[in-house]
2 protein chains.
Amino acid sequence: MVKKVELTPRKKTILKAIVNTHISNGEPVGSKSLTTNQQIALSSATIRNEMAELEEMGYLEQPHTSAGRIPSEMGYRFYVDNLLQQYKLTAGEIVKLNSMLKAKAAELDRLLDNASRVMTALTGYTSLSVKPQNISPSVIKFSVIRVDGITLLLVMILEAGTVKTSYMSTPSEVDDEAALKLQNVLNHHIAGQPMEQVTLPVMMAAEREMGEHAFLIQSAIKCIYDTISEPEHADLRLEGIDRLLQYREYSDVMRLRGLLGALEKKDEIVSMISGADTDKVNVLIGSENAVDPMKDSTLVFKTITQDGHIVGAIGVIGPCRMDYSKVITTVDYLSRSINGLIGGALPPPGENENDPNNGGSS
Amino acid sequence: MVKKVELTPRKKTILKAIVNTHISNGEPVGSKSLTTNQQIALSSATIRNEMAELEEMGYLEQPHTSAGRIPSEMGYRFYVDNLLQQYKLTAGEIVKLNSMLKAKAAELDRLLDNASRVMTALTGYTSLSVKPQNISPSVIKFSVIRVDGITLLLVMILEAGTVKTSYMSTPSEVDDEAALKLQNVLNHHIAGQPMEQVTLPVMMAAEREMGEHAFLIQSAIKCIYDTISEPEHADLRLEGIDRLLQYREYSDVMRLRGLLGALEKKDEIVSMISGADTDKVNVLIGSENAVDPMKDSTLVFKTITQDGHIVGAIGVIGPCRMDYSKVITTVDYLSRSINGLIGGALPPPGENENDPNNGGSS
DNA sequence: TTTAGCACTCGTTGTGCCGAAGTGCTAATC
DNA sequence: GATTAGCACTTCGGCACAACGAGTGCTAAA
């Protein structure tokens with residue numbers, strides 16, 4: 001049923017027009033409504049024939065006999081891959097984007113949240129931001145701060161610059177000197193290696209070096225372990241959920257519920273995103289999404305990387321009939337900006353340089 | 001129309017029965033269906049009369065002439081204040097609650113998240129957790145860690161034990177000694193006082209003490225200021241939004257959208273919660289909620305306090321016909337547990353001691 | 001004071017009908 | 001051969017209408 005033939009330019013024009021109008025009004029588009037289109041100087045009958053062929057080829061679908069056509073997933077895919085017109089951010093939009101990012105926000109957390117908010121505001125879709133868990137990262141540097149007699153604060157600087165802190169209770173009183181000692185020993189023996197390699201011999205060496213305060217090592221290592229290897233329950237945040245409801249695709253309660261339920265399973269989403277391409281905007285249309293209740297939706301996202309590691313992602317979720325052009329551009333712009341701000345390799349995008357680089361994925 | 005008269009015991013029983021059955025099935029309850037109730041050995045006609053009077057008094061409403069009655073907001077209020085039967089957490093539920101809390105989680109953030117999750121799981125309603133912003137807290141103790149030549153990490157221990165960190169770029173190379181110096185000076189001059197009191201003279205004194213590294217003070221103070229006085233954009237999190245959709249109250253898309261939209265305005269919700277009573281479970285029924293789109297919903301929450309300050313809150317949001325008994329008990333149990341864990345004055349609740357202490361609020 | 005009975009109300013459900021939109025196909029036209 | 005006009009056909013959505021049922025209020029009897 002689906003023949004893989006190159007589309008004629010005319011078919012492309014028609015397909016593009018169909019997708020565009022369907023995206024904007026959500027209704028099946030009929031042959032007649034296309035005759036008003038400037039690009040297409042054809043009668044409705046001709047268009048009907050072309051549409052029939054496009055359907056034959058798999059790019060269009062008909063909800064029922066006497067309705068217009070809507071793009072199939074394959075149609076959207078083709079549109080995204082080949083027909084997308086470049087969206088140009090307006091000056092106002094760029095100002096909005098930048099002002100959001102300029103807000104004192106050196107920390108990734110806050111950057112992601114801000115980005116999420118502005119994405120929702122600009123695109124009108126629900127947006128998401130992800131901070132994936134670090135898989136047992138190693139600590140670059142320790143610092144031990146004595147809070148009071150029996151409480152220490154461990155500060156851990158992790159690989160990507162992330163900072164974690166954790167309070168640690170000590171079995172007995174410790175003084176500043178002991179804290180400093182602990183700090184030195186931790187930096188000496190533990191820092192720089194993944195936690196799996198902190199084996200018994202390593203710990204014993206550390207204890208030896210601690211001298212009379214050896215008892216601190218046990219608690220400290222447990223504390224470190226708990227802090228950095230905690231699952232961090234895959235932080236996924238949604239912003240603007242109410243936006244979903246403006247599309248009739250989600251007025252079916254069961255479908256909406258399914259989607260929301262799926263989005264609650266944050267780990268799944270996060271692992272999906274973590275496995276994606278890091279160098280482009282990923283567009284997962286309909287059943288390209290692994291999770292079943294998302295098969296009616298489209299997820300557009302791009303990862304944030306630092307030193308080659310994925311440290312997060314931002315994206316947008318909405319119906320398949322999505323303003324791809326605008327969404328992709330926005331996601332791309334923001335992710336580049338963030339990458340730039342956190343000191344990644346990519347420069348922050350200039351105001352005129354928007355190259356979404358949207359490649360297919362399925 | 002609403003006469004303030006004491007209800008007869010029989011009226012109470014009937015009202016209670018009505019609320020209970022309406023809560024469980026969501027439909028208007030008719031006089032006949034109540035005759036099967038053991039507590040009420042009356043004919044439907046008698047019950048009808050009582051119901052008519054209860055409606056007269058304002059406790060019940062009739063969606064339309066030939067439907068049963070549903071509780072009015074006032075009915076719910078009375079139910080919550082006077083008729084609520086003690087819900088007894090089952091052993092299994094307590095296990096669930098505790099296991100969630102035992103998970104290594106000394107940090108409030110994680111505690112709140114966990115609590116939220118388990119609340120949703122146990123009650124079946126959407127739950128929320130709030131971490132309000134600290135209004136310009138003062139730093140108890142500073143620690144300065146030299147990351148590399150031109151980067152320092154400031155660690156700030158705030159009043160309630162919260163730890164904040166922030167990277168700070170230095171204008172020129174600094175060594176360990178300078179970092180240590182900065183730490184001492186910050187602890188000496190800045191620690192312990194609210195940021196408003198860090199005035200020019202204070203800063204100058206600090207700079208004087210810094211000697212050749214005086215230039216660090218400016219950046220440091222700006223950095224501190226940015227970090228601790230940042231609005232922290234009122235952190236409100238929802239868990240289990242999909243749960244909302246199982247109630248027919250929210251199958252009306254516009255209403256649902258309104259509610260979700262309102263919940264997106266996190267600041268409003270947070271400020272509402274921050275202004276609430278700290279020593280009991282707050283129950284805001286329908287129009288007792290300040291925000292308009294929440295007027296069809298009920299919000300049950302309790303604040304988490306530490307040293308008398310509100311440091312967070314957990315709660316549940318759902319339709320007015322909510323399983324108040326279970327929800328209130330769960331929220332109370334969890335909030336007490338958390339208060340206990342973060343070292344508040346209240347002891348964590350024992351397994352048999354559930355005293356929700358639900359007072360009216362409007 | 002309670003209850004049985006009955007007329008009444010009103011929402012819900014199911015049915016049939018009609019119009020609108022849009023198609024596919026055929027035959028005429030360029 | 002490609003395009004177009006015309007027409008019969010299909011399907012959905014909305015509307016009116018009737019039948020039904022649940023539940024009430026009221027009256028009169030127990």
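Labels below follow one simple rule: chain letters A, B, ... track the order of the sequence lines, proteins then strands, and each chain is numbered from 1. This structure is a prediction, so every number in the text was calculated from the model and none was measured.
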Quiz prompt | Residues that B:S72 engages under side chain to side chain contact (heavy atoms under 4.5 Å, CB included), provided they are two or more places apart | solution = B:E61, B:M74

Practice problem: Name every residue in residues 37-46 of chain B that has at least one heavy atom under 4.0 Å from any atom of DNA chain C, in order of residue number, or write none if there are no such residues. | Solution: B:L42, B:S43, B:A45, B:T46

Quiz item: Which letters describe nucleotides 12-22 of chain C, given B = protein heavy atom under 4.0 Å from base, S = only from sugar-phosphate, - = neither?
Solution: ---------BS

Self-check item: Residue list, side chain to side chain contact (heavy atoms under 4.5 Å, CB included) with B:N82, at least two apart or on another chain
Solution: B:F78

Self-check item: Gap between atoms CD1 and C1', on A:I47 and C:dT23 respectively (whole Å)
Solution: 13 Å

Self-check item: A:E268: side chain to side chain donor-acceptor pair (under 3.5 Å) partners, not counting sequence neighbours
Solution: none

Quiz item: So which pairs with a foot in residues 24-49 of chain A pass salt bridge (Lys or Arg N to Asp or Glu O under 4.0 Å), sequence neighbours left out?
Solution: A:E27-A:R248

Quiz item: How would you list, by chain and number, every residue that makes a side chain to side chain donor-acceptor pair (under 3.5 Å) with A:T120, sequence neighbours excluded?
Solution: A:S127

Quiz item: Whole-Å distance between C:dG11 C1' and B:E27 CD?
Solution: 13 Å

Exercise. Not counting sequence neighbours, which residues clear side chain to side chain contact (heavy atoms under 4.5 Å, CB included) with B:D296? List them please.
Key: B:R255

Enumerate donor-acceptor pairs with a distance under 3.5 Å from any side-chain N or O in residues 239-246 of chain B to protein atoms, sequence neighbours excluded.
| from | atom 1 | to | atom 2 | distance (Å) |
| --- | --- | --- | --- | --- |
| B:Q246 | NE2 | B:G124 | O | 3.2 |
| B:Q246 | NE2 | B:R243 | O | 3.1 |

Quiz item: Among all residues two or more places apart in sequence or in another chain, which pass the side chain to side chain contact (heavy atoms under 4.5 Å, CB included) test with B:T65?
Solution: none

Self-check item: First and last nucleotide of DNA chain D, 5' to 3', lying under 4.0 Å from heavy atoms of chain B
Solution: D:dA22 to D:dC26

Practice problem: Identify, with sequence neighbours excluded, every residue that meets ring pair (Phe, Tyr, Trp, His ring centres under 6.0 Å) alongside B:Y247. | Solution: B:Y125

Practice problem: Would you please say whether a donor-acceptor pair under 3.5 Å links the side chains of B:Y324 and B:T298? | Solution: yes

